[in-house]
Protein chains: 2
Amino acid sequence: MNKVQATEKPRQRAPSKRALATRARVFDAAEKVFADRGFDGATIRMIATEAGEPVGTIHHHGGGKDVLFQQTVARRAATLSQARLEALARLEAPATMAAVLEAFIRPFFDLALQDPRWRNYARLVAFVSVDGRWRDLSAECFDPTAEVFLAEIKRLAPHATPQQTAEGFVFTVAAMLALLTSQGRISDLAGSSQAQAAQIDHLVAFCAAGFVA
Amino acid sequence: MNKVQATEKPRQRAPSKRALATRARVFDAAEKVFADRGFDGATIRMIATEAGEPVGTIHHHGGGKDVLFQQTVARRAATLSQARLEALARLEAPATMAAVLEAFIRPFFDLALQDPRWRNYARLVAFVSVDGRWRDLSAECFDPTAEVFLAEIKRLAPHATPQQTAEGFVFTVAAMLALLTSQGRISDLAGSSQAQAAQIDHLVAFCAAGFVA
DNA sequence: GTCTATATGTAGATAGAC
DNA sequence: GTCTATCTACATATAGAC
């Protein structure tokens with residue numbers, strides 16, 4: 001058993017499993033701390049503590065605080081986009097407005113329901129959406145997919161002006177993020193709790209009705 | 001013996017006009033900087049520069065960074081609540097869902113359209129709504145009025161469950177803040193600009209239709 | 001790749017002159 | 001009430017040992 005890679009030094013060595021696991025822990029920790037406290041409220045030290053790694057390791061994998069932040073946001077964006085576009089492609093030919101909106105909304109909830117890291121990611125995205133300094137980042141990560149859905153929505157509501165469809169889409173995204181990040185706020189207001197499954201249906205119905213109007 | 005009473009503030013003297021103006025400049029500046037950068041991203045020095053005041057003055061009027069932040073959020077909340085409740089009271093007897101939602105939504109836009117400081121305030125509120133650390137502050141400032149409107153909405157949609165009305169209200173608030181803080185984001189997506197007046201009508205219609213569904 | 005120690009900057013806060 | 005000067009603490013980042 002010769003260890004080939006031990007002596008070879010190509011342009012970039014494949015990272016070891018150990019290194020990849022560390023890297024994932026660093027980004028998961030960054031995701032959680034950034035989601036809790038925002039970019040400026042988070043510190044490299046908090047992230048290091050959360051990850052169970054020394055401070056230097058965060059810089060090594062993250063490459064500075066704002067690169068770390070941007071990569072943390074970008075990391076899951078491709079997965080999310082793909083899930084959304086696949087859901088859209090799965091719709092049979094005469095799609096309804098509700099079905100298109102659900103193809104956009106549900107994948108995020110499915111991921112969030114089964115993985116708490118995706119819930120952290122949702123809160124992180126909410127922070128990004130509110131802070132004007134990350135507009136370019138947000139556009140890079142999410143606009144391409146948004147354009148695809150926007151085109152589909154326009155096709156289903158040809159009578160609406162471009163402004164109206166754009167507005168409706170912004171309202172839909174805002175409502176989706178609010179529900180994703182509410183974490184019981186709605187139950188507080190309502191006085192009791194209910195399965196999230198129904199809430200997603202309500203969100204889709206709410207937005208679909210809004211678009212029709 | 002009389003030492004304690006002597007050193008205690010007898011009662012607060014009425015502040016001079018000059019002092020009140022300075023105080024207002026401090027809070028306006030804090031509002032803008034907090035709206036731009038969030039709580040942690042803002043610094044006392046940025047606020048001082050924005051206000052054209054020395055650093056010590058910010059502490060004097062604000063009393064520490066987080067007290068300053070909370071007072072900045074609370075400062076306009078009463079005005080907003082009052083405007084909303086008055087708009088609600090002005091509705092004639094058989095109110096529609098759209099009219100009730102408009103009574104909630106339009107006052108904020110009216111203030112924001114005529115005063116850029118209210119636009120800053122809207123962005124500040126968006127930051128607060130996304131950061132879990134300010135949940136108590138947010139509840140204190142906005143929940144009482146929200147309860148009034150929620151009761152009215154329930155009256156107009158007796159068939160809906162408490163969960164559904166609470167959800168719809170959260171969606172409405174999220175969409176409202178998104179539109180208030182969009183600052184041309186919607187025009188970007190739509191490819192052209194349009195008067196905000198129509199956008200508010202669209203928002204009301206969107207949400208009213210959602211509630212009916 | 002991983003971890004420690006440290007350099008450098010700037011934050012929030014305050015004491016005291018005016 | 002207003003402003004200056006300064007204290008203390010902790011941030012990011014990096015150099016270099018392992």
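Lettering follows sequence order; numbering is per chain, from 1.
Arg37(B) has no carboxylate O lying under 4.0 Å from a charged side-chain N of Asp131(A), or vice versa, which leaves the two without a salt bridge.
Remark: P of dT14(C) and CD1 of Ile44(B) are 11 Å apart, rounded to the nearest angstrom. Atom NE2 in His61(A) sits roughly 17 Å away from atom P in dA13(D) (whole-Å rounding). If you measure from atom CD1 of Ile58(B) to atom C1' of dT2(D), you get 11 Å, rounded to the nearest angstrom. In this structure, CZ of Arg37(A) is placed 13 Å from C1' of dA11(D), rounded to the nearest angstrom. One can place CZ of Arg18(B) at 8 Å from C1' of dT2(D), the figure rounded to the nearest angstrom. Atom CG of Leu20(A) and atom C1' of dG1(C) are 12 Å apart (whole Å). Between the C1' atom of dG1(D) and the NZ atom of Lys17(B) lies a distance of 17 Å, rounded to the nearest Å. Distance, Asp40(B) CG to dT10(C) P: 18 Å, rounded to whole Å.
The side chain of Glu53(A) lies closest to dC3(C) when the candidates are dT2(C), dG12(C), dC3(C). When distances run from any side-chain atom of Lys65(B) to the nucleotides dG12(C), dT12(D), dT4(C), the shortest one goes to dG12(C). Which of dC3(D), dA11(C), dG1(D) sits closest to the side chain of Thr57(B) comes down to dC3(D).
For the pair Arg23(A) and dG1(C), the criterion of a side-chain N or O lying under 4.0 Å from OP1 or OP2 is not met. In this structure, Thr22(B) reaches the dT2(D) phosphate: one of its side-chain N or O atoms is under 4.0 Å from OP1 or OP2. A sub-4.0 Å separation between OP1 or OP2 of dG1(C) and a side-chain N or O of His60(A) is present. Regarding contacts with the backbone of dT2(C), every side-chain N or O of His59(A) stays at 4.0 angstrom or more from both OP1 and OP2.
At the heavy-atom level, Ala42(A) lies under 4.0 Å from the strands shown only through sugar-phosphate atoms.
Phe169(B) has its ring centre no less than 6.0 Å from the ring centre of Phe211(B).
Side-chain N/O atoms of Arg45(B) and base N/O atoms of dG12(C) include a donor-acceptor pair closer than 3.5 Å.
At a cut-off of 3.5 Å, with distance as the only test, a side-chain donor of Glu86(B) or Gln82(B) sits close to an acceptor on the other residue. If you check the side chains of Thr49(A) and Arg45(A), you find no donor sitting under 3.5 Å from an acceptor.
The residue from Phe69(B), Phe34(B), Phe142(B) that alone fulfils the ring pair (Phe, Tyr, Trp, His ring centres under 6.0 Å) condition with Trp134(B) is Phe69(B).
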